[in-house]
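Every value quoted in this text rests on a predicted model; they were computed, and no experiment measured them. Quick note on labels: first sequence line is chain A, next is B, and so on, each numbered from 1.
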Amino acid sequence: MRKPPILNANPWFSHHQRLQLQPISLTGAHFQGRHGNFSELFDDSAKRDVVPWSALTSGYAKRGELDVARRYFDDMPVKDLVSWNVMITAYAKRGEMESARKLFNEVLKKDVVTWNAMIAGYVLSGECKKALEMFEEMKTVGERPDEVTMLSLLNACADLGDLQVGMKIHWSLSEMVSSSGFNVLLGNALIDMYAKCGSIGRALKVFRDMREKDVSTWNSVIGGLAIHGHAEESINLFTQMRRSKVRPNEITFVGVLVACSHAGRVNEGRQYFKLMRDGYNIEPNIRHYGCMVDMLGRAGLLDEAFKFIDSMLIEPNAIIWRTLLGACRIHGNVELGRRANVRLLKIRQDESGDYVLLSNIYASKGEWDRVEKVRKMMDDTGVRKDAGYSLIEAEEKALIDFLFNSKSKVSLKPTNLVQC
DNA sequence: ATAGGGTTAG
C-alpha cells in the first residue's frame, strides 16, 4: 500500500508501521486486537506530544467508533483543550448529549469551540431549548459567541419557530459582523429562520441584501415561499435563479414542486418535474415523488396519483401512501383510500396514525361499521398500545371532522351522535 | 498531523 512520504518520515507513524499498523486516516484500517493497553503503543517522547493522541481520537470518532476514540481520550497522558473539544464534539455529533455534558462539566478552561460544540449538539438532537439555555450560560460566564455560535442558534430558532429570539440574534449579528454583509452560511440560516418562523418579508429582505448567493440561498427562499403558499413568488424566484449563474439542485426542485402543489398548479408541476430530469439531469428522489403525489392528490386526481406511484422507479415509502391516503380522505374516495391503506400497511404495520387516518375516511363517509373493523385490526396487531391517542379520540376527531368539514350527506348513527 | 457551521415531500 502506498503511503504519503510525509508520514513515512514521521517518527510517530513509523512507530506504528513497526507495529504493522496502518494510520487510520490513510487506510481506514483499525488497530484490531490492540484495544488492550494503548499506552504501550507509545514511547516516552510520543507521550509528551498531545497532537497524535487527539488525532487518533478524532480519527476514530469520525469513523463512528466512539468507544475506541474514548479509550484514546482516556489513555492520553496529557490532554489539552483540543483533546477535550474533540471528544465533546464526537459525542455531540452522535447525539449523546449526556456524555458530552459530563465531559463539558469537567473542562476547567473552556473556549468558544467547547461551547459551540455543546450548542450545536443540542440543536442537532432537537433539544433547542437547551441550546438557548447554554447560550445564556455562555454569556453569563463571559465567553464571547462567534459566527458559529450564531449559526447554531439560528437553526434552533427556526426549529422552535421563535421569531423573537431569532430577531435578537439577527440584531446582535449585525453588530458582530462587519456591515458589508453576512457570510453565505449565516445569510442562508437567517432566511431559513425567518421563513420557518413565518416572517417571509424579513426572509426576502435578507435575501435581497445578500451580495453573494449560493444554491442554498436560493433554495431557502424558494422553499420558504412555497411552504407559506406564495407559489407565484416562489416560482418567479426560480425563474430568476435559472437566469443567474447558480444551477438548481434537487432541493431547489423540491421547493418548486411544493409551490406548484400548494397552488394547485398541476400542469406547471408536471413540467418542472420533467425539466428536472431532461433539463438538469437530476433523477427525482422520494421527496420529489412525494410532492407530485401530494399535488395530484390535492387536485383530486387520485387515480392518476395512484398510477404515478406505481410507475415510480424507486420504492414508495410510507409517507407516499399516507399522502395519497390523506388526499383520499379529503376527497372522500373510500375505495382508493382502502387500496392505499393496504399498501401502507405492508410497509409499516406499527403506526397507529395510519389506522386512525383510515378510520377517519370511513367515519367521514358514515361507514361506522368499517371504523369498527379498523379498530379490530388495531387490536389484533397490538398497535393500539403504542398509540399516542385512543381510537375513541380518533372517532371523536372523525366525528367533528364529519360535522364541520365533510361534504358527505351520509347521516351518522344516533349512537355516535350521543357520544358527541 | 488534532476541535466548531446549511437547505429536502405529509
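The backbone N or O of A:E136 lies less than 3.5 Å from a partner atom in the side chain of A:T140, making a donor-acceptor pair.
In this structure, A:S152 does not reach the B:dG5 phosphate: none of its side-chain N or O atoms is under 4.0 Å from OP1 or OP2. Taking only side-chain nitrogens and oxygens, A:K93 comes nearer than 4.0 Å to OP1 or OP2 of B:dG4. Between A:K213 and B:dG6 there is no side-chain N or O to OP1 or OP2 distance below 4.0 Å. Proximity of A:H288 to the phosphate of B:dG10: no side-chain N or O atom is located under 4.0 Å from OP1 or OP2. Residue A:K62 places at least one side-chain N or O under 4.0 Å from the OP1 or OP2 atom of B:dA3.
When A:F135, A:Y122, A:F104, A:W84 are each tested for a ring-ring contact (aromatic ring centres under 6.0 Å, His included) with A:W115, only one passes: A:F104.
Between the side chain of A:N317 and the base of B:dA9, a donor-acceptor pair under 3.5 Å is found. At a cut-off of 3.5 angstrom, counting only N and O atoms as typed in the model, there is a donor on one side and an acceptor on the other between the side-chain of A:S216 and the base of B:dG6. You won't find any donor-acceptor pair under 3.5 Å spanning the side chain of A:N155 and the base of B:dG5, going by distance alone.
Here B:dG5 is the nucleotide among B:dT2, B:dG5, B:dG4 with the atom lying nearest to any side-chain atom of A:L151. Ranking B:dG10, B:dA1, B:dT8 by closeness to the A:D49 side chain, first place goes to B:dA1. Considering only side-chain atoms of A:E147, the nucleotide from B:dG5, B:dA9, B:dG4 that sits closest is B:dG5.
A:N188 comes within contact range of at least one nucleobase, with a heavy-atom separation under 4.0 Å. Contact annotation for A:I286: base contact, defined as any heavy-atom pair under 4.0 Å involving a base atom. Within 4.0 Å of A:V258, counting heavy atoms only, lie sugar-phosphate atoms of the nucleic acid but no base atom. Residue-level contact check: A:V82 touches the bases, meaning some heavy atom is under 4.0 Å from a base atom.
Between A:F238 and A:Y272, the ring planes lie perpendicular to each other; the angle is over 60°, past the 30° to 60° tilted range.
Atoms CG (A:L186) and P (B:dT7) sit 14 Å apart, rounded to a whole Å. Between the CD atom of A:E212 and the P atom of B:dG6 there is a distance of 17 Å, rounded to whole Å. In this entry the distance linking CG of A:L325 with P of B:dA9 reads 19 Å, nearest Å. Note: CG (A:L257) to C1' (B:dG10) measures 15 Å, nearest angstrom.
A salt bridge is absent between A:K79 and A:E106: the closest approach of a Lys/Arg side-chain nitrogen to an acidic carboxylate oxygen does not fall below 4.0 angstrom.
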Please step through salt bridge (Lys or Arg N to Asp or Glu O under 4.0 Å) for the pair A:D310 and A:R343, ending with a clear verdict.
CA-CA 11 Å; A:D310 276 334; A:R343 304 293 292 268; 3.6 Å; yes

